[in-house]
Colleague: 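Dumping the structure here so I can ask a few things about it.
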Amino acid sequence: MSDDCIFCQIIAGEIPSRTVYEDDDVFAFLDVNPMSRGHTLVIPKDHAQRIEELPEDQRAAVFTTLGKLAPAVEAAVDADGVNIGMNDGEAAGQEVMHTHGHIIPRFEGDGGGAVHSIVQTYPELSDEEFDEVAAAIREAQ
Ligand code: AMP
Ligand code: ZN
């Protein structure tokens, strides 16, 4: 537990939350400032800032729970789909530095966009640049 982390405090019961799921590894609760009805957060019980810092079994537990809860959330609020996403790192919009996944219910005609709308401008890459990027990612693993 990280003492100054609000999500650790939620897990510890020191800050109230509307819990929707809990097991040994994972905790899920309603986002207090929902982007849509049913907006749910899934967090690992152990504190880690970035998804890469989580041990692999806990990372798997978070993603398994996202997969299990998404249809439950969708059904509960009678949504037509969900966006599942993570803001991983400050530059990506992460504000609470305890890694978490969002389940955001979506409704036909709600006016929202796809995950593709998170950036304003797309880069134009040549074939060579695509190849370089792919090679760099393979090497960085
Ligand atoms: P992110 O930008 O991915 O770090 O998002 C953090 C999310 O946590 C935001 O959607 C907040 O509304 C949500 N949040 C912050 N504090 C609380 C809280 N005490 N209970 C529930 N959700 C919270
Ligand atoms: Zn924490």
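All ligand and atom numbering here is 1-based and tracks the order in the structure. Keep in mind that the numbers below use all heavy atoms, side chains included, and drop hydrogens, waters and symmetry copies. Predicted model, so just to flag it, every value in this text is computed and none were measured.
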Colleague: Looking at His39, is its backbone amide N or carbonyl O close enough to the side chain of Asp31 to form a donor-acceptor pair, meaning the two atoms are under 3.5 Å apart?
Modeller: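 No; zero donor-acceptor contacts below 3.5 Å.
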Colleague: Tell me, do Asn87 and His102 make a side-chain contact under 4.5 Å, heavy atoms counted?
Modeller: yes
Colleague: Which angle, to 10 degrees, forms at the Zn ion (ligand 2) with SG of Cys8 on one side and SG of Cys5 on the other?
Modeller: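 It is 120°, given to the nearest 10°.
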Colleague: Has Ser36 got a side-chain atom pairing as donor or acceptor with Pro105's backbone, closer than 3.5 angstrom?
Modeller: yes
Colleague: When clusters are formed from ILVMFWY side-chain contacts under 4.5 Å, directly or step by step, what else is grouped with Val133?
Modeller: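 Other cluster members: Ile137.
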Colleague: Roughly, to 10 degrees, what angle do His47 atom ND1 and His98 atom ND1 form around the Zn ion (ligand 2)?
Modeller: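 That angle works out to 100° after rounding to 10°.
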Colleague: Using modelled atom types only, decide if a donor and an acceptor are shared between the side chain of Arg18 and the backbone of Leu30 within a distance under 3.5 Å.
Modeller: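 No; judged by distance alone, with no hydrogens or angles, the pair does not exist.
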Colleague: Using modelled atom types and a 3.5 Å cut-off, is there a donor and acceptor pairing between side-chain atoms of Gln9 and backbone atoms of Asp3?
Modeller: yes
Colleague: Taking CZ in Arg50 as the centre, count heavy atoms belonging to other residues, nucleotides or ligands within less than 6.0 Å. Is the count above 12?
Modeller: yes
Colleague: With a 4.0 angstrom cut-off on heavy atoms, strictly below it, pick out the residues next to ligand 1 and order them by chain and number.
Modeller: Ile6, Phe7, Ile10, Phe29, Leu30, Asp31, Val32, Asn33, Leu41, Asn87, Gly93, Gln94, Glu95, Val96, His100, His102
